[in-house]
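Data block below; observations after.
Atoms considered below: every heavy atom in the structure, side chains included; atoms not considered: hydrogens, waters and symmetry mates. Chain naming here is simple, since letters A, B, ... match the order of the sequence lines and numbering starts at 1 in each.
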Number of protein chains: 2
Amino acid sequence: MKTDSALAALAALAQETRLAIFQLLVRYEPEGLTVGEIAQHLDLAPATLSFHLKTLTQAGLVSSEQDGRHIHCRAQIEAVQALGQFLTMDCCKGQPERCKPASSSARRSKAA
Amino acid sequence: MKTDSALAALAALAQETRLAIFQLLVRYEPEGLTVGEIAQHLDLAPATLSFHLKTLTQAGLVSSEQDGRHIHCRAQIEAVQALGQFLTMDCCKGQPERCKPASSSARRSKAA
DNA sequence: CTATTATTTCTACAATTCTGGAATAATAGA
DNA sequence: TCTATTATTCCAGAATTGTAGAAATAATAG
(Lines give C-alpha, C1' and ligand atoms only; values in the text may rest on other atoms or scores of the structure.)
Protein backbone atom coordinates (compact mmCIF):
# COMPACT_ATOMS: atom_id res chain seq x y z
CA MET A 1 0.00 0.00 0.00
CA LYS A 2 1.24 3.44 -0.90
CA THR A 3 0.94 6.65 1.03
CA ASP A 4 -1.64 8.02 -1.36
CA SER A 5 -3.89 5.01 -0.95
CA ALA A 6 -3.56 5.14 2.81
CA LEU A 7 -4.34 8.82 2.81
CA ALA A 8 -7.40 8.23 0.67
CA ALA A 9 -8.66 5.46 2.92
CA LEU A 10 -8.05 7.48 6.07
CA ALA A 11 -9.71 10.56 4.63
CA ALA A 12 -12.64 8.46 3.54
CA LEU A 13 -13.19 7.06 7.02
CA ALA A 14 -12.42 10.28 8.82
CA GLN A 15 -15.89 11.62 8.34
CA GLU A 16 -18.88 10.93 10.49
CA THR A 17 -21.31 10.02 7.75
CA ARG A 18 -18.86 7.87 5.84
CA LEU A 19 -17.69 6.11 8.95
CA ALA A 20 -21.33 5.32 9.72
CA ILE A 21 -21.83 3.97 6.22
CA PHE A 22 -18.74 1.84 6.44
CA GLN A 23 -19.60 0.46 9.85
CA LEU A 24 -23.10 -0.32 8.72
CA LEU A 25 -21.71 -2.27 5.80
CA VAL A 26 -19.23 -4.03 8.06
CA ARG A 27 -22.12 -5.10 10.23
CA TYR A 28 -23.96 -6.41 7.20
CA GLU A 29 -21.10 -8.40 5.84
CA PRO A 30 -20.98 -10.61 3.94
CA GLU A 31 -24.36 -9.95 2.35
CA GLY A 32 -23.96 -6.20 2.01
CA LEU A 33 -26.68 -3.67 1.41
CA THR A 34 -28.08 -1.78 -1.54
CA VAL A 35 -27.64 1.97 -1.81
CA GLY A 36 -31.31 2.43 -1.02
CA GLU A 37 -31.07 0.29 2.10
CA ILE A 38 -28.12 2.30 3.34
CA ALA A 39 -30.10 5.47 2.74
CA GLN A 40 -32.95 4.10 4.82
CA HIS A 41 -30.75 2.93 7.67
CA LEU A 42 -28.95 6.23 7.99
CA ASP A 43 -31.61 8.58 6.70
CA LEU A 44 -29.45 10.23 4.09
CA ALA A 45 -30.38 12.32 1.08
CA PRO A 46 -29.67 10.42 -2.16
CA ALA A 47 -27.11 12.92 -3.36
CA THR A 48 -25.32 12.95 -0.04
CA LEU A 49 -25.12 9.19 0.12
CA SER A 50 -23.95 8.92 -3.44
CA PHE A 51 -21.23 11.47 -2.78
CA HIS A 52 -19.91 9.58 0.22
CA LEU A 53 -20.24 6.18 -1.37
CA LYS A 54 -18.15 7.38 -4.24
CA THR A 55 -15.44 8.51 -1.84
CA LEU A 56 -15.48 5.19 -0.02
CA THR A 57 -15.41 3.24 -3.24
CA GLN A 58 -12.54 5.22 -4.70
CA ALA A 59 -10.63 4.62 -1.51
CA GLY A 60 -11.14 0.89 -1.92
CA LEU A 61 -13.16 0.56 1.24
CA VAL A 62 -16.43 -0.35 -0.40
CA SER A 63 -17.10 -2.48 -3.43
CA SER A 64 -20.26 -2.19 -5.42
CA GLU A 65 -21.97 -4.42 -7.89
CA GLN A 66 -25.01 -3.93 -10.02
CA ASP A 67 -27.81 -6.23 -8.99
CA GLY A 68 -30.82 -5.69 -11.18
CA ARG A 69 -32.14 -2.24 -10.49
CA HIS A 70 -30.13 -2.00 -7.30
CA ILE A 71 -26.49 -1.50 -6.55
CA HIS A 72 -25.13 -3.77 -3.94
CA CYS A 73 -22.41 -2.48 -1.66
CA ARG A 74 -19.99 -4.37 0.55
CA ALA A 75 -17.35 -3.30 3.01
CA GLN A 76 -13.81 -4.28 2.13
CA ILE A 77 -12.51 -5.41 5.47
CA GLU A 78 -9.15 -6.28 4.01
CA ALA A 79 -8.56 -2.65 3.14
CA VAL A 80 -8.73 -1.78 6.82
CA GLN A 81 -6.26 -4.49 7.65
CA ALA A 82 -3.90 -3.29 4.95
CA LEU A 83 -4.21 0.19 6.35
CA GLY A 84 -3.28 -0.95 9.83
CA GLN A 85 -0.24 -2.72 8.50
CA PHE A 86 0.79 0.28 6.46
CA LEU A 87 0.65 2.57 9.47
CA THR A 88 2.96 0.47 11.57
CA MET A 89 5.07 -1.03 8.84
CA ASP A 90 8.44 0.60 9.40
CA CYS A 91 8.05 0.46 13.12
CA CYS A 92 11.44 0.70 14.84
CA LYS A 93 13.19 0.58 11.50
CA GLY A 94 12.10 -2.94 10.82
CA GLN A 95 12.42 -4.37 14.29
CA PRO A 96 8.87 -4.15 15.62
CA GLU A 97 9.85 -6.33 18.56
CA ARG A 98 11.73 -3.38 20.01
CA CYS A 99 8.71 -1.18 20.50
CA LYS A 100 6.00 -3.78 20.96
CA PRO A 101 7.53 -6.56 23.05
CA ALA A 102 4.13 -7.89 24.06
CA SER A 103 2.16 -7.44 20.87
CA SER A 104 2.19 -10.93 19.42
CA SER A 105 1.08 -12.65 22.59
CA ALA A 106 -1.37 -11.32 25.11
CA ARG A 107 0.51 -12.28 28.20
CA ARG A 108 -0.36 -10.20 31.17
CA SER A 109 -2.20 -7.10 32.34
CA LYS A 110 -4.90 -6.50 29.81
CA ALA A 111 -7.10 -9.41 28.91
CA ALA A 112 -8.74 -8.33 25.66
CA MET B 1 -12.91 2.81 21.60
CA LYS B 2 -15.78 5.14 20.81
CA THR B 3 -16.81 6.57 17.50
CA ASP B 4 -15.59 10.01 18.43
CA SER B 5 -12.13 8.75 19.30
CA ALA B 6 -11.94 6.75 16.11
CA LEU B 7 -13.05 9.75 14.10
CA ALA B 8 -10.43 11.91 15.77
CA ALA B 9 -7.68 9.39 15.10
CA LEU B 10 -8.73 8.92 11.49
CA ALA B 11 -8.98 12.65 10.89
CA ALA B 12 -5.59 13.13 12.46
CA LEU B 13 -3.95 10.60 10.17
CA ALA B 14 -5.92 11.62 7.09
CA GLN B 15 -3.64 14.50 6.33
CA GLU B 16 -0.42 14.34 4.42
CA THR B 17 1.75 16.27 6.85
CA ARG B 18 0.40 14.54 9.93
CA LEU B 19 0.69 11.12 8.36
CA ALA B 20 4.32 11.92 7.58
CA ILE B 21 4.91 13.02 11.17
CA PHE B 22 3.30 9.88 12.53
CA GLN B 23 5.20 7.56 10.23
CA LEU B 24 8.44 9.29 11.07
CA LEU B 25 7.75 8.74 14.76
CA VAL B 26 6.80 5.13 14.12
CA ARG B 27 10.12 4.66 12.43
CA TYR B 28 11.91 6.19 15.38
CA GLU B 29 10.22 4.08 17.99
CA PRO B 30 10.91 3.44 20.75
CA GLU B 31 13.26 6.40 21.27
CA GLY B 32 11.05 9.01 19.69
CA LEU B 33 12.07 12.44 18.47
CA THR B 34 11.92 15.98 19.77
CA VAL B 35 9.71 18.56 18.10
CA GLY B 36 12.77 20.24 16.65
CA GLU B 37 14.05 17.00 15.18
CA ILE B 38 10.73 16.35 13.54
CA ALA B 39 10.80 19.87 12.11
CA GLN B 40 14.23 19.21 10.63
CA HIS B 41 13.33 15.84 9.18
CA LEU B 42 10.22 17.12 7.47
CA ASP B 43 11.17 20.75 6.95
CA LEU B 44 8.10 22.20 8.60
CA ALA B 45 7.41 25.69 9.92
CA PRO B 46 7.19 25.71 13.72
CA ALA B 47 3.59 26.83 13.80
CA THR B 48 2.58 24.23 11.26
CA LEU B 49 4.29 21.42 13.13
CA SER B 50 2.88 22.50 16.45
CA PHE B 51 -0.60 22.63 14.99
CA HIS B 52 -0.36 19.11 13.62
CA LEU B 53 1.35 17.69 16.67
CA LYS B 54 -1.47 18.99 18.79
CA THR B 55 -3.99 17.27 16.59
CA LEU B 56 -2.09 13.99 16.74
CA THR B 57 -1.67 14.23 20.49
CA GLN B 58 -5.31 15.00 21.11
CA ALA B 59 -6.22 12.02 18.99
CA GLY B 60 -4.05 9.82 21.19
CA LEU B 61 -1.66 8.94 18.39
CA VAL B 62 1.35 10.72 19.77
CA SER B 63 2.50 11.10 23.34
CA SER B 64 4.79 13.90 24.41
CA GLU B 65 6.95 14.45 27.41
CA GLN B 66 8.95 17.44 28.49
CA ASP B 67 12.65 16.68 28.47
CA GLY B 68 14.57 19.72 29.58
CA ARG B 69 14.13 22.33 26.94
CA HIS B 70 12.85 19.81 24.47
CA ILE B 71 9.60 18.00 24.08
CA HIS B 72 9.97 14.39 23.28
CA CYS B 73 7.34 12.79 21.07
CA ARG B 74 6.52 9.14 20.54
CA ALA B 75 4.08 7.35 18.28
CA GLN B 76 1.37 5.40 20.05
CA ILE B 77 1.28 2.24 18.00
CA GLU B 78 -1.41 0.76 20.16
CA ALA B 79 -3.80 3.48 19.10
CA VAL B 80 -3.55 2.28 15.51
CA GLN B 81 -4.24 -1.26 16.57
CA ALA B 82 -7.26 -0.16 18.58
CA LEU B 83 -8.46 1.74 15.55
CA GLY B 84 -8.21 -1.31 13.35
CA GLN B 85 -10.19 -3.34 15.83
CA PHE B 86 -12.80 -0.66 16.15
CA LEU B 87 -13.36 -0.51 12.42
CA THR B 88 -14.03 -4.20 12.06
CA MET B 89 -15.52 -4.86 15.44
CA ASP B 90 -19.13 -5.59 14.62
CA CYS B 91 -18.20 -7.43 11.49
CA CYS B 92 -20.99 -9.78 10.42
CA LYS B 93 -22.94 -8.94 13.55
CA GLY B 94 -20.42 -10.54 15.81
CA GLN B 95 -19.52 -13.52 13.69
CA PRO B 96 -16.36 -12.37 11.94
CA GLU B 97 -15.72 -15.92 10.78
CA ARG B 98 -18.52 -15.47 8.30
CA CYS B 99 -16.83 -12.76 6.30
CA LYS B 100 -13.20 -13.45 7.03
CA PRO B 101 -12.89 -17.21 7.30
CA ALA B 102 -9.09 -17.04 7.31
CA SER B 103 -8.46 -13.90 9.33
CA SER B 104 -8.23 -15.11 12.90
CA SER B 105 -6.23 -18.22 12.16
CA ALA B 106 -3.73 -16.45 9.96
CA ARG B 107 -1.89 -15.17 13.00
CA ARG B 108 0.33 -18.16 13.43
CA SER B 109 0.95 -19.05 9.82
CA LYS B 110 2.63 -15.77 9.03
CA ALA B 111 5.72 -16.39 11.10
CA ALA B 112 8.57 -15.64 8.72
C1' DC C 1 -41.92 2.14 -26.02
C1' DT C 2 -43.38 3.92 -21.64
C1' DA C 3 -43.71 4.11 -16.79
C1' DT C 4 -41.38 3.28 -12.58
C1' DT C 5 -37.72 2.85 -9.48
C1' DA C 6 -32.80 3.56 -8.27
C1' DT C 7 -28.77 6.18 -8.37
C1' DT C 8 -25.70 9.80 -10.02
C1' DT C 9 -24.34 14.40 -11.66
C1' DC C 10 -24.84 19.36 -11.49
C1' DT C 11 -24.75 23.26 -8.79
C1' DA C 12 -24.10 26.39 -5.01
C1' DC C 13 -23.26 27.69 -0.43
C1' DA C 14 -21.69 27.07 4.43
C1' DA C 15 -18.34 25.23 7.35
C1' DT C 16 -13.99 23.48 8.37
C1' DT C 17 -9.08 22.96 7.82
C1' DC C 18 -4.22 24.03 6.51
C1' DT C 19 -0.52 27.13 6.51
C1' DG C 20 3.03 30.29 8.20
C1' DG C 21 4.60 35.06 10.08
C1' DA C 22 4.88 37.31 14.35
C1' DA C 23 4.36 37.43 19.15
C1' DT C 24 4.50 34.82 23.44
C1' DA C 25 5.87 31.36 26.90
C1' DA C 26 9.00 28.22 29.09
C1' DT C 27 13.56 26.32 30.04
C1' DA C 28 18.65 26.32 30.81
C1' DG C 29 22.98 28.45 31.41
C1' DA C 30 26.12 32.53 32.28
C1' DT D 1 18.97 39.01 36.02
C1' DC D 2 19.74 38.59 30.97
C1' DT D 3 20.23 35.84 26.78
C1' DA D 4 19.78 32.02 23.69
C1' DT D 5 17.04 28.17 22.55
C1' DT D 6 12.84 25.63 21.93
C1' DA D 7 8.10 25.23 21.31
C1' DT D 8 3.27 27.18 21.33
C1' DT D 9 -0.49 30.43 20.46
C1' DC D 10 -2.64 34.09 17.81
C1' DC D 11 -4.13 35.66 13.57
C1' DA D 12 -5.79 35.77 8.83
C1' DG D 13 -6.19 34.32 4.21
C1' DA D 14 -6.55 30.34 0.90
C1' DA D 15 -8.15 25.94 -0.11
C1' DT D 16 -10.90 21.96 0.61
C1' DT D 17 -14.98 19.50 1.99
C1' DG D 18 -19.93 18.36 3.30
C1' DT D 19 -24.62 18.99 2.27
C1' DA D 20 -28.73 18.63 -0.44
C1' DG D 21 -32.33 20.35 -4.10
C1' DA D 22 -33.19 19.66 -8.80
C1' DA D 23 -32.31 17.53 -13.00
C1' DA D 24 -30.35 13.81 -15.55
C1' DT D 25 -29.22 9.05 -16.32
C1' DA D 26 -29.61 3.92 -15.92
C1' DA D 27 -32.13 -0.36 -15.49
C1' DT D 28 -36.18 -3.14 -15.36
C1' DA D 29 -41.09 -4.52 -15.90
C1' DG D 30 -45.16 -4.39 -18.43
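Protein atom CD1 of Ile38(A) is 14 Å distant from nucleotide atom P of dA6(C), rounded to whole Å. If you take CD of Glu16(B) and P of dT17(C), they are 18 Å apart, rounded to a whole angstrom. At whole-Å resolution of the value, NE2 in His72(B) and C1' in dT27(C) are 17 Å apart. A straight line from CG of Leu49(A) to P of dT5(C) spans 19 Å, rounded to a whole angstrom. Atom CZ in Phe51(B) sits roughly 12 Å away from atom C1' in dG20(C) (whole-Å rounding). Taking atom CG on Leu10(A) and atom C1' on dT17(D), their separation rounds to 16 Å, with Å as the unit. The distance from atom NZ of Lys54(B) to atom C1' of dT17(C) is 14 Å, rounded to the nearest whole Å. Rounded to whole Å, atom C1' of dT7(C) lies 14 Å from atom CD of Gln40(A).
Between Ser50(A) and dT8(C), a side-chain N or O to OP1/OP2 separation shorter than 4.0 Å is present. Taking 4.0 angstrom as the limit, His70(B) places a side-chain polar atom (N or O) nearer than this to OP1 or OP2 of dA7(D). For the pair Thr17(A) and dT19(D), the criterion of a side-chain N or O lying under 4.0 Å from OP1 or OP2 is met. At dT17(C), none of the side-chain N or O atoms of His52(B) fall inside 4.0 Å of OP1 or OP2 (strictly under the cut-off). For Gln15(A), no side-chain nitrogen or oxygen approaches OP1 or OP2 of dT16(C) to under 4.0 Å.
For DNA chain D, the neighbouring residues in residues 61-69 of chain B, judged by any heavy atom under 4.0 Å, are Arg69(B).
Here the side chains of Leu13(B) and Arg18(B) are not in contact, with every heavy-atom distance at 4.5 Å or above. The shortest side-chain heavy-atom distance between Leu25(A) and Gln76(A) does not fall under the 4.5 Å cut-off. You'll find the side chain of Met1(B) stays beyond 4.5 Å of the side chain of Gln85(B), heavy atoms only.
Formation of a donor-acceptor pair under 3.5 Å by the Thr88(A) side chain with backbone atoms of Cys91(A) is not found in this model. Glu65(A) contributes no side-chain N or O that, together with a main-chain N or O of Asp67(A), makes up a donor-acceptor pair within less than 3.5 Å. Between the Arg74(B) side chain and the Val62(B) main chain, no donor and acceptor come within less than 3.5 Å of each other. Put simply, the side chain of Thr57(B) gets close to the backbone of Leu53(B): a donor and an acceptor are under 3.5 Å apart. Without hydrogens or angle criteria, Glu37(B) side chain to Thr34(B) main chain gives a donor-acceptor distance under 3.5 Å. Not one N or O on the side chain of His41(A) forms a donor-acceptor pair closer than 3.5 Å with the backbone of Gly36(A).
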Query raised in the report: Would you write out the dot-bracket form of DNA chain D, 5' to 3', with Watson-Crick and G-U pairs under 3.5 Å, [ ] for crossing pairs, | for pairs to other strands and . for unpaired bases?
Result: ||||||||||||||||||||||||||||||
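Within 4.0 Å (heavy atoms only), Ala47(A) reaches at least one base atom of the nucleic acid.
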